[in-house]
Amino acid sequence: MNTRLRHLFLASLLRRRLATALSLVAIALGVALGLAVQLIHGAALDEFGRGVRLLAGEADLQVVGAREGFDESLYPLLAMRPEVAAASPVLEIEARLPGRDDSLRILGLDLFRVMQVQPGLMPRVVATAGRDVDDTGGDGRLAALQPSNLFLSADARALLEQPLRVGGRQQAAEGNGRAEGELQPPAIQDGWLLAQSGLRSLRLRVAGEVPGASGLVGVMDIAGVQQHFERLGQLSRIDLKLADGIAVDTAMRALAPLLPAGVALRVPEAAASEAGTLSRAYRVNLTMLAAIALLTGGFLVFSTQLLAVARRRREFALLRALGLERRALMHGLLAEGALVGLVGGLLGVVLGHALAGGAFRLVGGDLGAGFFRGLAPSLQVDPVLSLAYLLLGVAAGVLGTWVPAHEAARVAPARALRAGEAERTGLPQAKVDGRLAGGLLGLAALACLLPPQGGIPVGGYAAVALVLAAAVLALPALARAVLPLLEHGRSVLWRLAHARLSATPAQAVVAGAGVIASVALAVSMAIMVSSFRVSVDEWLGQVLPADLYVRASSSAASGYLDPSALATIAAVEGVAAVDTTRLVNLRLSDTEPLFSLLARPVNAVGQGEWGLPLVAGSLVAPAGATLPATWVSEAAADRHRLVPGSVFELPIGGHMQGFVVAGIWRDYARQHGAALIDSRDYVALTGDTRINDVAIRVAAGVDPHSVSETLRQRFGPEHITVALPGEIRALSLEIFDRTFLITYLMEAVAILIGLFGIATTFAALATTRQGEFGMLRHLGLTRGEIGRLIALEGALTAGLGVLAGLLAGGAIAWVLIEIINRQSFHWSMDLAVPWLALGVFATSLVVLAGGVARLAGRHAMQRSAVQAVKADW
Amino acid sequence: MLQLSGLIKTLPGAPPRVLFDALELQVAGGECVAIVGESGVGKSTLLNCIAGLEPFDGGEIRVAGTELARLDDDGLARLRRRHFGFVFQAFHILPHLSLAQNVALPLWLLQQPEAEADRRAREMLGRVGLGRRADDSPHLLSGGELQRVAIARALVHQPAVVLADEPTGNLDPGRAMEVLDLLLEQLRARSAAGILVTHSRAAAARADRVMELVDGRLHAVRHGS
């Protein structure tokens, strides 16, 4: 095709500026959302990985265990091996800062070994304000070895030297005596930092810095950490630098057999990979949502191009009559679609980067899900990713134009050039076969049976796409089924609008396709989120049956309660009963994220009184079993293929211990699996008597607030957190809502694109029907009546699209709940359909669509009726 | 039925162009007047002024006793609804309505009950020879057949005036005369005043009177039989 002809095609995009602009925006939004999700997570993972690499230094391998650590006797065993050139032991503590919500990650290091393996973590003594550099508790040259000396990264120092505003429900609930919004003094005062171990405050001297560290990190001598935080004989990690000529694989084969149960050997990069695994399901889900937004944009391109083809029927007929081949005509139209996709894609790439930059500031690097808390990633341009999304935009434009291009190529030139042909040919009809819709639904059902691939529910996502496609293809059949039920309107406008849709149900596909996709997305997410929220709320009610909950810190941090603290609690006036939970994390393999182990007293009356929401099995340990019992979460059961009666081995106390699965319970708190065992079994295996959480039942007639106040006074409000179940519930739901904030945003974008589709379709429809409207004006319809006619048609079309979208959305919601969520996060949930909200949404959308259609068709009402009936083109 | 007195219309320009210069016309019920003239002289504009679709600058137009100048845009639309029928060169039959529904459209606009409107539409289709095809879709019809439907639609509600602008322009000569004869027959049968704008002398000869628009005024050419 020569340049002039090419210009003919591409120039038509400029002639229909509104439709082209809306298509561009729709594709741009779809590309932007998907790209932003990838950029944000990619940057967060990169930042996380960078931190991991910094901390690993020159280590070739790392020996890692459970969060609570492993016996340090493993260290000399490994250090003496010929494969190992240098070994650096590390004890990592998440130090709670009394009275504050944040914590400080303290690395206890052997400062002689760290020079060989992680030189970037070498501390440096510096003077603090008002102090002499030698005032570091000893000889300045050996300051790093002083057990109470702490060295901070620049980020940590900057944060801890600033006063902190008590913000939000959580901090106020910490019970530190300060109200929400009040200013707390800095954590570092006069060169000292208070940390907490158990229920005690420790004074650590801020003696200097760690220039090579990033993030909120501090470094101390390992012996000091073991001593202060009561972790004598424990290590978290051993970083190994291999001897010259020793390959990593060789070393792993030689050293792995030396490791006790629950301790693994891995390359340092595996830590970043683990973080990626943790966030992958969430990231993939968001990406799929963005893909649906892009798909909706593709539907919009389809609608506008099909209608443009109808308007330009005579133009194409003339070109064909003059000698243009069918293929050239098709290519010309596909080029139009590709150009729309390209420009929309470019806009989307720019917008995606802008969105990512904004998201970093507003919701952080984890998009609100909490995987990368504390990281401050920066926006980086990824050319390859940007190109990939740009090509996706082009693909959306081309695919959306494919059917219209075929339609155009089929036009018979001689017929199309005859006068009156428009009446004979009628309006554009996307030829759809309803049986195809049935076939696609069948395929969707089969796709749901597929297992996840690499933890990704590929079958579920395919089912979603198939259901959407089926809904679009079934729209004409739906119109034929529904429209006769609406036949009895008396007004002439209703009859005209109804007759148009009834005569050409396939036209509904043109206008309704975008609405279906966006409504289905919104409805399915609304049902899924509603079901999830209701299930979480009910679950919280089950797992929080007590009147008060006490903890010294989160399970990962250094605060804990011991038997004496427990006795003190039990003795408080008004306390009727206490229940305890010890929460530790186990390492089952070198590739999987940490597994949670809960130890609680399994009393004679069963777990039901203490909040274990069973979905299978029994609350009572199986009679006659030789192994102790465990109750595993749904995630653990799915990942490890466990059913009641299975034997599940766990690395506890340095040995593998078998448990028989007595039941499976629903757990929304731990995505990678959890197991609950009797605390007596746990203590017998580990000797660990520490407690993380205490649940208190108060005596009848006693106000829980008074017990709470007594406990704060006994232990100091800065050392413990006391919360009522209602407060925990409210905070949990707040976190839940924040996690889905991005989802809500994407739904809104998809709805907007759907409305764009209505607007552009009816603008184009009104243009193609100017002759019809002119004739109706001649017959005596007023301009206002023409407007109401267009609004009615818009509402009817949108109504069909909304109905199809509701049905498709319901089906997709089932797929989301039973397949995608189950395979991604291993959560089950009970269906809870927000009927009222869906009804309001559907009605509002239909009304809005009518208004949008009327606005878009306003041009048709403005044009002179005289001009409109002239046979021109 | 239709009376034009001293009609004046001027088109803007330098100098302004006088299209109608105190134009006079009276058409009685059952009479058909053909208007001929050179291209661009204002024949179609005259029809549009009569239908209230284009404004005029002076004089008076009365349709069934109602003066157009007193009516606003919606009022003119309602007047057209009741007193006018139209036959267009490009037919303008709605493809998504059946033939019966297309013909019934003016009756719908007049709030006629649907059953009554359907009965009258089918009867009218019978009069134009398409009674058996009342439920057919327009895309099955030839050009001549579509114009018959248009004629049926123009007359089903017994308008005072029927305006036909080049009704045979898209038809072959044989079909054209057939359609024209049908239009005239129905006009007379329903006592509607008809104005036919045409380039065809043969078509014009079929009318009761032929007027030529020259220099802004209508001049009789001959009386048709």
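A, B, ... follow the sequence lines: proteins, then strands. Residue 1 opens every chain.
Salt bridge A:Glu785/B:Arg78: absent, no basic N to carboxylate O contact under 4.0 Å.
If you measure heavy-atom distances from B:Gln112 to chain A, the contacts under 4.5 Å come from the backbone alone. Proximity to chain A is absent for every atom of B:Arg82, based on heavy atoms less than 4.5 angstrom apart.
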Exercise for the section: Kindly indicate, with the supporting measurements, whether the criterion side-chain contact (heavy atoms from CB on, under 4.5 Å) is fulfilled by B:Leu97 and A:Leu496. Expected result: CA-CA 8 Å; B:Leu97 299 179; A:Leu496 281 172; 3.8 Å; yes

Problem - side-chain contact (heavy atoms from CB on, under 4.5 Å) assessment of A:Met775 paired with B:Leu94 - result: CA-CA 9 Å; A:Met775 184 275 292; B:Leu94 296 182; 3.7 Å; yes

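For the residue pair B:Asp73 and A:Arg783, the shortest heavy atom distance occurs at OD2-NE, 3.7 Å.
Rounded to the nearest 0.5 Å, atoms CZ (B:Phe86) and CZ (A:Arg777) are 10.5 Å apart.
A centroid separation of 6.0 Å or more is found between the aromatic rings of B:Phe84 and A:His778.
The closest side-chain heavy-atom distance from A:Leu779 to B:Arg80 is not below 4.5 Å. At a threshold of 4.5 Å between non-hydrogen side-chain atoms, the residues B:Leu109 and A:Leu781 count as touching.
Heavy atoms of other residues, nucleotides or ligands lying less than 6.0 angstrom from CD of B:Glu185 number more than 12. The local environment of CZ in B:Arg133 is crowded, with over 12 non-hydrogen atoms from other residues, nucleotides or ligands closer than 6.0 Å.
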